[in-house]
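These notes are about the structure you will find just below.
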Amino acid sequence: MSYIVLSPFQRNNGEHASKGPCHPGFSQSFYSVQISRDVLQGHSIHKGKTLKFDDCLGNEAVAFQSSDPIFSVRTDGSIFAQGEGASLQKPVQFKLTASGPHTHIWETVVQLSLIEPPSPQQNENEVRLGGPSEKKDVFQAPPPVIMFSGSGLNSSKGLRRQKRDWVIPPINVAENSRGPFPQMLVSIRSDQDQDISIRYSITGVGADQPPNEVFNIDPVLGKMFVTKPLDREHRSSYHLRAHAVDMNGNQVENPIDLYIFVIDMNDNRPEFKNQVYNGSVDEGSKPGTYVMHLSAFDADDNTTANGMVRYRILSQTPHSPIPNMFTINSETGDIVTVAPGLDREKVSQYTIIVQATDMEGNLNFGLSNTATAIITVTDINDNPPMLTSKTFTAEVPENRVDVVLTNLTVIDADQPHSPNWNAIYRIISGDPSGHFTIRTDPITNDGMVTVVKPVDFEMNHAFMLTVVVSNQAHLASGIQSSLQSTAGITISVQDVNEPPYFPTNPKHIRFEEGVPAGTSLTTFSASDPDQLQMQQTIRYSKLTDPADWLSINRTNGQIVTTAMLDRESVNVKNNIYEATFLATDNGFPAASGTGTLQIYLIDINDNPPVLIPRESQICERTNRNANGVNITAADADTDPNAGPFVFELPSFPTNIRRNWTISRISGDYARLGLRYQIYLEPGVYEVPVVVSDSGNPPLSNKSVIKVKVCPCDENGDCTTLGAVAATGLGTGAIISILICIIILLSMVLLFVVWIKRREKERQTKQLLIDPEDDVRDNILKYDEEGGGEEDQDYDLSQLQQPDSLEHIISKPPAVRRVDERPIIPESQYPIRPVVPHPGDIGDFIHEGLRAADNDPTAPPYDSLLVFDYEGSGSTAGSVSSLNSSSTGDQDYDYLNDWGPRFKKLADMYGGGDDD
């Protein structure tokens, strides 16, 4: 293999110690190296020192790796090209990674391009990429110079020749560069900068648009810089435009587009979406069975090794049956089984630690992260159920049901309470009649042998059952049933005292009704099922006999009547009389059985017919076509002892057949009516009718029907007056009743009118007496307002001795009783002036009140005649509070508005003509 050495790294073996603090890593984040074509042809080149790396530890354990397989790195740091692949027809970029002994990783980007000899066109357009290469160190390549295309804008020398536009290559900047900043990226020049002063500027996102000032440019020299580290995951490229203007701001060149691409660095670890993943796989799965999928995301560029994630399994717990039961696809993250032997009954769950590493899984340079995968081994029915014993025994009393006889226990290693574990029991032989069944206990999985159909000791003393057990789910493929899945059950039947039973139950017999008492009807005997094992005696008794018509012999069960049987009795339903009897043995404990006897009673003609209806009405004037009463009969017997009926009028008394007639309508109906041209007074008539049935011999019954004869209207209906007359009242009586009713109504009307008039007079009665009378000299009684409950609640102590009066407190010692008039001079009361004046009415009242308060001879000396004291706490004010003014400034004209009752007061105080 031929190779071309491009550059060995400069190793600083401790030289940095004398130059200040050491910063491990490459000296730059981006190197642009121009190579002459003859180097690719096998010529040696000068080994410069522009690519520098220092780990600050002597670079002894540093390893280098290139992302481009054509360009490799040796242990001494030399980069070489292999074979003919390094043609460099276009610039090549690759990432160079250095890793230290402590998992430190440093990265840089190297760009290789060929140095072409200058062409005449290049000299004309002054497009230079690094200057004349024959005089510069190829490893000291300065940033490229980007020339404006010279678009031929006007200048002081006139129009210039139109020049061809250049395709500007993109500018690559590595992310996370450590600086120093600002870091120069490229120089921009105009071919007119020799003639005029040019000012350069850039626009676009990252320059004058947010995020601002990521890039800037020297306006005079045209050097463009990046001002801070870039993050490809935040923004992977920038599009800027470079402008050239003169000092007056006039554009001298067309703007050129600059594309800046951020080169990805491996600065992001793979991240799992979840830290714990859950999967499952059936036990017994074959190798290669898919289990689950894990995925991790790397924010780096997935088109480069930085974002290419690879997976591997770090550990498996437990290591049973082997440590490597699973594997993972390094690219897709799918986990599959690689070995047989998965057994849930031994290991039900595996825990796997999965690692995701970028750089295509390179553990030396890639970043890693881990996640946990929990794999549950799911159960399959690979363990058949096995009974714990080959034989089971049980006992069952005869004639018992729903009794659990014994429990069948089973062992199943599959997952409890799953279809693979749930047991199903079947009886395959020994029980052709279906006396037994086996139910599964949902908790213990035991089989409960239960009797569902009564067994008879006299028929079977024992049962030999064969039972097989299986699972709810079918056995897995290749799994055979166990011999322990089948067992035998021996069930012994226990004899118990069974009750006697009536072989024919219910028993039916037929007899005519009317059978006299003492008639033997039948023998109702019972049998004892225990007669083969036990010798028992049966005794009979009556259980129910609604009409008490029967009796039964205690020893042999013979049934005899005690009364006559009547088919028409309420205790007979549909011609059947039913009674129940009890048969009891003498076992221990005693047992009894019940039998029903049903007697069908045959009807005989023992009930005469009864006439229907018993009352009716008919018009007093006969009408051959419509006048008459339809009659029928009811018979308690049934055919042929009931209808058709025969209706006849008796021969006596003779007036019955003279006035009335019966005509046959049908077998059960006839018409009763007056004979033609016979007139009867309105009233009620009793008509006897003889009714006979069709029995053999027939029975007859003489019934009376009350017929009301009354006058009728043109429709043949009784009139109201006629109906009353028919009841026995004459015309005079009816008129008398009507006159009494009219008189009574008149008296009520007169009383109502008198009440209304008296009420009107009371409302118009004058409140005051004649105005000519002196109102102060008279006591006017307007009306008595009956005292209520409050007025009747007298406080006699207050009436006898008011404690608020001073003359009572200071009374003479001789006065002992307040209900007697003391013998002392009477007080002098004020005398009313002869000519009254409205102004002195108040003074007059106050003086009289003061004299009465100081008069010991005034009431109460006859206690209940006291009216001037009403007791303490009264809601009414004292009369002494009245006051009159004689000044004349009070206006009483409003009394004129109070009506005629206050006319006198209005004349006295209102300033009328009488003043």
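By convention here, the first residue in the shown sequence is residue 1.
- Counted within 6.0 Å of NE2 on His239, heavy atoms from surrounding residues, nucleotides or ligands total more than 12; the atom is thus considered enclosed.
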Using the rule given for side chain to side chain contact (heavy atoms under 4.5 Å, CB included), can you reason through Arg235 versus Val205, listing the C-alpha separation, both sets of side-chain angles and the distance that settles it, and then say yes or no? CA-CA 11 Å; Arg235 191 176 184 88; Val205 176; 3.7 Å; yes
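- A distance-only check finds no donor-acceptor pair linking the side chain of Thr440 to the backbone of Ile424 [under 3.5 Å].
- Side-chain atoms of Asp267 and Asn176 include a donor-acceptor pair closer than 3.5 Å.
- In this structure a side-chain-to-backbone donor-acceptor pair under 3.5 Å is present from Asn445 to Ala423.
- Side-chain contact between Met224 and Asn216 is absent, with no heavy atoms from C-beta onward closer than 4.5 Å.
- For the atom pair OG (Ser470) and CG (Asn381), the distance works out to 9.5 Å, reported to the nearest 0.5 Å.
- Side-chain atoms of Ser320 do not come within 3.5 Å of backbone N or O of Pro318 as any donor-acceptor pair.
- Proximity of Pro287 to Val338: side-chain heavy atoms (C-beta onward) are nowhere separated by under 4.5 Å.
- In summary, the side chains of Asp441 and Asn407 do not present any donor paired with an acceptor at a separation below 3.5 Å, with no hydrogens or angles considered.
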Is there a side chain to side chain contact (heavy atoms under 4.5 Å, CB included) between Val354 and Ile328 once you walk through the steps? CA-CA 8 Å; Val354 178; Ile328 188 170; 3.6 Å; yes
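- More than 12 heavy-atom neighbours from other residues, nucleotides or ligands sit within 6.0 angstrom of CD on Gln209.
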Test side chain to side chain contact (heavy atoms under 4.5 Å, CB included) on Gln349 and Ile374 and set out the steps. CA-CA 7 Å; Gln349 191 178 84; Ile374 298 177; 3.4 Å; yes
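- Each of Val449, Val469, Asp446 was checked for a side-chain contact (heavy atoms from CB on, under 4.5 Å) with Leu408, and the lone residue meeting it is Val449.
- A pairwise comparison of heavy atoms in Thr97 and Phe365 identifies CG2-CD2, 3.4 Å as the closest pair.
- Using modelled atom types, one finds no donor on one side chain facing an acceptor on the other under 3.5 Å when comparing Thr378 with Glu283.
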Evaluate side chain to side chain donor-acceptor pair (under 3.5 Å) for Gln415 paired with Asp379, printing each intermediate quantity in order. CA-CA 6 Å; Gln415 184 175 358; Asp379 183 48; over 6 Å; no
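- Side-chain contact between Thr227 and Phe215 is absent, with no heavy atoms from C-beta onward closer than 4.5 Å.
- In this structure, Gln355 contributes its side chain and Asn369 its backbone to no donor-acceptor pair below 3.5 Å.
- Between the side chain of His461 and the main chain of Phe457, a donor-acceptor pair closer than 3.5 Å is present.
- Taking each heavy atom of Met265 and Glu175 in turn, the nearest pair found is N-OE2, 2.6 Å.
- Contact record, Pro397 with Val455: O-CG2, 4.1 Å, taken as the closest heavy-atom pair.
- Using a 4.5 Å heavy-atom cutoff, the side chains of Ile335 and Leu294 are in contact.
- The main-chain N or O of Gly341 is never found under 3.5 Å from a side-chain atom of Lys346 such that the two would form a donor-acceptor pair.
- The 12-atom threshold is exceeded at NE2 of His417, counting heavy atoms of other residues, nucleotides or ligands nearer than 6.0 Å.
- Asn471 and Asp414 form no side-chain donor-acceptor contact under 3.5 Å, judged by distance and modelled atom types alone.
- Ile489 is listed as a side-chain neighbour of Val467, based on a closest heavy-atom distance under 4.5 Å.
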Set out, in order, the CA-CA distance, both residues' side-chain angles and the distance that settles side chain to side chain donor-acceptor pair (under 3.5 Å) for Gln183 and Ser177, then state yes or no. CA-CA 9 Å; Gln183 182 178 352; Ser177 175; 3.2 Å; yes
Show your working on side chain to side chain contact (heavy atoms under 4.5 Å, CB included) between Ile491 and Glu395 and close with a plain yes or no. CA-CA 5 Å; Ile491 300 177; Glu395 293 182 348; over 6 Å; no
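- Looking at heavy atoms from C-beta onward, Thr357 lies out of side-chain contact with Val309 at the 4.5 angstrom threshold.
- In this structure, CG in Leu367 is found 7.5 Å from CG in Asp298, a value given to the nearest 0.5 Å.
- Note on ring orientation: taking the six-membered ring where Trp is involved, the planes of Tyr277 and Phe272 are perpendicular (angle over 60°, cut-offs 30° and 60°).
- Atom OG1 of Thr370 sits about 11.0 Å away from atom CZ of Arg312, to the nearest 0.5 Å.
- Contact annotation: the side chain of Asp382 never approaches that of Leu475 to less than 4.5 Å [non-hydrogen atoms, C-beta and beyond].
- Proximity of a side-chain donor or acceptor of Arg269 to a complementary backbone N or O of Ser368 within less than 3.5 Å is detected.
- Annotation for Lys273: atom NZ does not count as buried by contact number, only 12 or fewer foreign heavy atoms lying within 6.0 Å.
- Looking at Thr466 and Ser429, their side chains do bring a donor and an acceptor atom within 3.5 Å of each other.
- In terms of heavy-atom proximity, Gln480 sits nearest to Pro384 at O-CG, 3.7 Å.
- Taking CZ from Arg232 and CG from Asn268, the interatomic distance works out to 8.0 Å, rounded to the nearest 0.5 Å.
- Between Phe326 and Tyr350, the gap from one ring centroid to the other is short of 6.0 Å.
- Of all heavy-atom pairs between Met292 and Ala373, the closest is SD-CB, 3.9 Å.
- In this structure, Leu314 places its CG atom where more than 12 heavy-atom neighbours from other residues, nucleotides or ligands lie under 6.0 Å away.
- The backbone N or O of Ala462 sits nowhere less than 3.5 Å from a side-chain atom of Asn460 that would complete a donor-acceptor pair.
- Judged by distance alone, with hydrogens and angles left aside, the side-chain atoms of Thr406 form no donor-acceptor pair with the main-chain N or O of Ala394 at under 3.5 Å.
- The closest donor-acceptor contact from the side chain of Thr337 to the backbone of Ala339 lies at 3.5 Å or more, if one exists at all.
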Should Ser280 and Thr376 be marked as a side chain to side chain donor-acceptor pair (under 3.5 Å) after you check the CA-CA gap, both sets of side-chain angles, and the distance that decides it? CA-CA 4 Å; Ser280 62; Thr376 301; over 6 Å; no
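- Within the 4.5 Å cutoff, no side-chain heavy atoms of Val396 are placed close to those of Gln494.
- The two residues Leu465 and Phe436 come nearest to each other via the heavy atoms CD1-CD1, 4.0 Å.
- To the nearest 0.5 Å, atoms OG (Ser237) and CD1 (Ile171) are separated by 12.5 Å.
- With rounding to the nearest 0.5 angstrom, the CD1 atom of Ile352 is 4.5 Å from the CD1 atom of Ile313.
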